[in-house]
Amino acid sequence: MRVRSPAKLNLFLRVGRRRDDGYHDLISWFCSVGLCDSIEFDPVATSTITLRCDTPAIPCDQRNLIVKAADLLRQRCPTPHRGVDIHLHKKIPSGGGLGGGSSNAAVALRALARMWECDLNEDQLRELAIRLGSDVPFFLALPSAICRGRGERMSPFPPPNAAALLLMPSIAMPTADVYRQFDEMRLGSDLERCEHVLPDPRLPAEDLLPRLINDLEAPAFAISPELRRLRAETEQRLGRPVRMTGSGSTLFTLYDELAEANAAAARLARFSQLRVGAFALGVGAN
Ligand code: C5P
């Protein structure tokens, strides 16, 4: 079984104050984007779980969220002799705020639950997903949703009628560091008020972009002034607002048509050594 594992953008991300458990409540418009890893799952006769990846920098042991997802699922529905051979083909950069690891984990939960015939409903899968990470539940609710709480409370929301240009600098932004900086800067939005300013997904890209706010930009740019400079420079080059996804470092902007996004990506690639690409929004896992 081969499954597509798409990246996400946080088109809109408002973050509240730190909670007693150390996490932050948020309201975020998550949307999948057509930059995808692909994962093959092959049943095996033994009870071993093995993961291989074509990118050497990706750990394939217990640190990998796919292995954690498989282990968690086996604990939840124990039956002997459940093993699997997994092959991960990686396209989504790590540490870029695109949710690649979280997407892989959610795809693995769903695929293995089916392969191992675990009788779990969506609520039960979601409970496992949030234990793996705050962004994991969204990838069970593709292609687009508003996520609240830590990310586990999801309502479907239409994807915008747009395509995304992504600029993926090789700056790794550890999520926990960005949240720590957010706390040090004493930031925190009033989330009840943010509920009233959710962007309208039907707007054309030009009108939508100024309404897309990410509260993690200020702390991420405080950690990496280089990223702040890159955003300003890209906005100037493209003549439109550019935003950051999640805790960074990927930057994005939107166009009404994929052809426009492709043309802008080609223009940008002439000036920059960084990885640039144009992708459809709102893709599913298959
Ligand atoms: O849940 P996940 O493991 O992806 O979170 C990584 C880190 O990001 C957490 O340890 C926490 O410091 C921070 N975080 C947060 N509030 C969230 C999501 C993540 O403070 N809603």
Side-chain angles (χ1 to χ4, degrees), residues 1-8 23 30 32-143 145 147 149-154 172 174-176 246 279 283-286:
M1 180 182 358
R2 191 177 179 127
V3 191
R4 188 160 80 158
S5 181
K8 58 84 176 163
Y23 284 93
F30 278 71
S32 62
V33 59
L35 167 62
C36 302
D37 294 340
S38 130
I39 316 179
E40 280 170 70
F41 299 91
D42 294 310
V44 291
T46 63
S47 59
T48 49
I49 295 171
T50 48
L51 173 65
R52 283 170 299 141
C53 180
D54 51 12
T55 305
I58 302 288
C60 286
D61 55 15
Q62 296 296 326
R63 287 169 295 172
N64 193 298
L65 275 179
I66 296 177
V67 178
K68 287 186 183 165
D71 281 342
L72 194 60
L73 196 60
R74 278 209 304 202
Q75 282 167 28
R76 180 68 176 70
C77 331
T79 6
H81 306 309
R82 281 175 171 165
V84 64
D85 228 348
I86 307 172
H87 194 174
L88 170 62
H89 306 268
K90 205 76 198 152
K91 288 265 165 37
I92 308 171
S94 304
L98 290 164
S102 303
S103 174
N104 297 168
V107 160
L109 274 182
R110 208 184 266 298
L112 294 175
R114 195 172 341 139
M115 182 187 285
W116 291 338
E117 296 174 342
C118 301
D119 190 17
L120 296 178
N121 61 31
E122 285 300 306
D123 284 347
Q124 292 166 323
L125 271 181
R126 213 163 31 237
E127 276 166 31
L128 295 183
I130 192 68
R131 287 166 62 184
L132 293 164
S134 308
D135 290 349
V136 182
F138 162 68
F139 291 98
L140 298 171
L142 296 170
C147 298
R150 243 177 87 197
E152 75 283 10
R153 297 203 325 266
M154 302 173 287
T175 305
F279 302 94
V283 303
N286 278 307

R131/E152 under salt bridge (charged side-chain N to carboxylate O under 4.0 Å, His left out): CA gap, chis, key distance, verdict | CA-CA 10 Å; R131 287 166 62 184; E152 75 283 10; over 6 Å; no

Side chain to side chain contact (heavy atoms under 4.5 Å, CB included) between V283 and V33, worked out | CA-CA 6 Å; V283 303; V33 59; over 6 Å; no

So R110 and L140, side chain to side chain contact (heavy atoms under 4.5 Å, CB included) or not? Walk me through it.
-> CA-CA 8 Å; R110 208 184 266 298; L140 298 171; 3.8 Å; yes

Test I58 against S94 for side chain to side chain contact (heavy atoms under 4.5 Å, CB included), laying out the working first.
-> CA-CA 8 Å; I58 302 288; S94 304; 3.5 Å; yes

Working for side chain to side chain contact (heavy atoms under 4.5 Å, CB included), residues I49 and R74 | CA-CA 10 Å; I49 295 171; R74 278 209 304 202; 3.4 Å; yes

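A donor-acceptor pair is defined here as one N or O able to donate and one able to accept, closer than 3.5 Å; no such pair exists between the side chain of Q75 and the backbone of L72. Proximity of a side-chain donor or acceptor of S32 to a complementary backbone N or O of G284 within less than 3.5 Å is not detected. In this structure a side-chain-to-backbone donor-acceptor pair under 3.5 Å is missing from N104 to I66. Although no hydrogens or angles enter the test, the distance criterion places a donor-acceptor pair under 3.5 Å between the side chain of R82 and the main chain of C77. The closest donor-acceptor contact from the side chain of W116 to the backbone of P78 lies at 3.5 Å or more, if one exists at all.
Under a cut-off of 6.0 angstrom, the local environment of CG in D119 is sparse, with at most 12 non-hydrogen atoms contributed by other residues, nucleotides or ligands.
Annotation: the span from F41 atom CZ to M115 atom CE amounts to 7.0 Å, rounded to 0.5 Å. I92 CD1 to L98 CG: the interatomic distance, rounded to the nearest 0.5 Å, is 7.0 Å. Atom-to-atom distance recorded for L120:CG and L128:CG is 6.0 Å, nearest 0.5 angstrom. Considering CD1 of I86 and SG of C60, their distance stands at 10.0 Å, rounded to 0.5 Å.
Of the candidates R2, K90, H89, S38 forms a side-chain hydrogen bond (donor to acceptor under 3.5 Å, both in side chains) with just one, namely R2.
Looking only at atom types and distance, the side chain of R150 has a donor-acceptor partner in the side chain of S134 under 3.5 Å away. Of the N and O atoms on the side chains of T48 and T46, at least one donor lies less than 3.5 Å from an acceptor on the other residue.
Between R114 and M1, the closest side-chain pair of non-hydrogen atoms falls below 4.5 Å. Within the 4.5 Å cutoff, side-chain heavy atoms of L88 are placed close to those of L51. Using a 4.5 Å heavy-atom threshold, the side chains of L109 and L73 count as touching. In this structure the side chain of S103 reaches within 4.5 angstrom of the side chain of P6, judged on heavy atoms. Counting heavy atoms from C-beta outward, D42 and V84 have side chains that stay 4.5 Å or more apart.
Between A69 and A108, the shortest heavy-atom distance links the atoms CB-CB, 4.3 Å.
For D135 and K8, the salt-bridge test passes: some basic side-chain N is under 4.0 Å from an acidic carboxylate O. For D123 and R126, the salt-bridge test passes: some basic side-chain N is under 4.0 Å from an acidic carboxylate O. In summary, D37 and K91 do not engage in a salt bridge, as defined by a charged side-chain N under 4.0 Å from a carboxylate O.
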